[in-house]
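Here is the structure we will look at, set down as structure tokens.
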Amino acid sequence: MSFAETLRIALRNTFAFGHGYLSSFLSSLSMLGLVLAVMLLVTVLSVMNGFDKEMRERILSLVPHVTIHAQEPIVDWPELADHVAQHPQVISVRPFVQFDTLLMQGSSIETARGVGLQFSPEVDSPLLAMLSPKDRAVFYTQGDGLLLGKGIAQSLGVRRGDRLTLIVPALLDQSRPAAKEFETVVVSAVLDTGTELDHSAAVVHLPLAARLAGIPGRVNGLQITTQDLFGVSNIGWELVSQLPSGYYASNWMMTHGNLYAAIQLSRDLVSILLFSIIAVAAFNVVSSLVLVVFDKRSDIAILRTLGASPGNVALVFVLQGAMIGVVGVALGTVLGVLASLAVPGLVAGLEGLLDIQFLNTDVYPVSFLPVDILPSDILTVATVALLMCVLASIYPALRAARLAPASVLHEEA
């Protein structure tokens, strides 16, 4: 029997083509299970990839990769910054000043960790890149300007252009000038990063922060952006080892490493779980084809008497399993991609309809449902699902090939 004839028989058993064959019905059920499994896996993987991408590209673009701290405020920080910038893995170095503060507007009070950074129109800043050109221009020209996170701004009820009071506790060390206790600042812009920074960001210019912290002309340390996100521990150690005593380093893995590891672990566990669903769908292919073998026993016996070899009979069922896999994977992949593209809009619409925010940056790293569709994941899912279907068809194919035509026809008679 030629391959074309074998393929025609497999097509007729797999697809109904207007006829109500039991084999076609069972094949359709197997395809449906595979479609749902592949669609679900593609969708969930895209969402998990979205969280991973936002963590790397959004959150870690705003958080310093390595931070050099000093036990005492740094006076000669320009020379220190130039020295650190010579490291081959260092992209940029920026001085900073930190201070604890209370933000007061009327009777509303919020706590925040104030940060003073050095900004200039000539140097790009990921933080300022999220502002409109008008807001950036305003902030550059306002020495008492404040960039306030959206969450804090909503709690205080302030908007761009409003004034509020910073209350900074005086330093306990009386050998240094006491910090100014009250400072009126103007909200230059409200930061809406869509991340947890919206509930903690209170950014001012470096000179103002140094004055508030009681260390005018000095800084607390250096924020460093590196080329290798996952080599920050070694980079920080190398930098500190080249500096005098009194300096130590921290990195993003100390503050956000557990979150990143949790995202990766969740992705792996979900992948294993959903691949097991595909395995269940493949087992459904086995049961369906076994039933088809029993239903088509007489047809198989007639094919054998007409000259079909056991290999031809086995190939019919292997092709049927492969067709179920190809159709199920193709439809599941297309529906999974469409579902992945639709999920963020559906979630946002549901939040607006119910007036509920499912993802709040008080708990989650971002305030929206991110999606990142990776072709490599789709290819992996499709390949594994198709291989499972082909392997699942081997046992029914062997059962069909081992049928004895004489015994089957005798039973039918």
Side-chain angles (χ1 to χ4, degrees), residues 1 3-17 19-46 268 270-297 299-300 303 308-340 373-403:
M1 190 168 62
F3 179 78
E5 293 174 336
T6 304
L7 181 60
R8 181 179 60 83
I9 295 173
L11 283 170
R12 187 177 63 183
N13 288 337
T14 306
F15 304 103
F17 298 122
H19 300 283
Y21 295 128
L22 176 62
S23 61
S24 302
F25 174 73
L26 294 175
S27 298
S28 299
L29 287 181
S30 301
M31 288 180 196
L32 180 61
L34 191 60
V35 166
L36 293 177
V38 172
M39 180 184 71
L40 184 61
L41 182 54
V42 170
T43 303
V44 173
L45 283 179
S46 298
D268 295 339
V270 168
S271 299
I272 294 173
L273 176 63
L274 294 180
F275 271 116
S276 66
I277 296 177
I278 293 182
V280 171
F283 179 79
N284 190 29
V285 174
V286 176
S287 59
S288 299
L289 291 182
V290 168
L291 291 176
V292 171
V293 171
F294 280 104
D295 182 58
K296 298 291 184 180
R297 294 172 75 243
D299 295 336
I300 295 171
L303 281 176
S309 66
N312 294 139
V313 175
L315 183 58
V316 169
F317 288 93
V318 172
L319 288 175
Q320 188 170 349
M323 291 176 188
I324 292 173
V326 169
V327 175
V329 167
L331 290 178
T333 300
V334 171
L335 292 177
V337 172
L338 293 177
S340 300
I373 303 173
L374 297 180
S376 58
D377 282 347
I378 295 177
L379 182 61
T380 300
V381 172
T383 302
V384 171
L386 186 57
L387 286 176
M388 283 185 177
C389 288
V390 173
L391 292 176
S393 66
I394 292 177
Y395 172 73
L398 294 176
R399 289 286 300 268
R402 291 170 182 171
L403 287 177

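When reading the values below, keep in mind they use all heavy atoms of this one structure, side chains included, and skip hydrogens, waters and symmetry mates. The chain is numbered in sequence order, starting from 1.
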Side chains of M31 and L331 in contact at under 4.5 Å (non-hydrogen atoms): no
Distance-minimising heavy-atom pair for V42 and V337: CG1-N, 4.0 Å
side-chain contact (heavy atoms from CB on, under 4.5 Å) against V334, all qualifying residues, sequence neighbours excluded: L338
Test applied, side chain to side chain contact (heavy atoms under 4.5 Å, CB included); reference residue, L34; option that passes from V280, V327, I278: I278
Contact summary for P396 and A392, nearest pair of heavy atoms: CD-O, 3.2 Å
Heavy-atom pair of closest approach, residues G321 and S393: CA-CB, 3.9 Å
From CD (Q320) to SG (C389), nearest 0.5 Å: 11.5 Å
Pairs satisfying salt bridge (charged side-chain N to carboxylate O under 4.0 Å, His left out), at least one member in residues 373-385, at least two apart: R267-D377
Minimum-distance pair of heavy atoms, taken over all atoms of A397 and A314: CB-O, 3.4 Å
Contacts of L315 that satisfy side-chain contact (heavy atoms from CB on, under 4.5 Å) - sequence neighbours left out: F3, T6, L319
Sequence-distant partners of I394, side-chain contact (heavy atoms from CB on, under 4.5 Å), two or more places apart: L391, L398
Heavy-atom pair with the smallest gap, counting every atom of L289 and F317: CD1-O, 3.9 Å
Residues which pass side-chain hydrogen bond (donor to acceptor under 3.5 Å, both in side chains) with T333, listed by chain and number, not counting sequence neighbours: none
Shortest non-hydrogen contact from V38 toward V381: CG1-CG1, 4.0 Å
A339: partners by side-chain contact (heavy atoms from CB on, under 4.5 Å), with sequence neighbours left out: T43
Polar side-chain atom of S287 near backbone of N284 as donor-acceptor pair, under 3.5 Å: yes
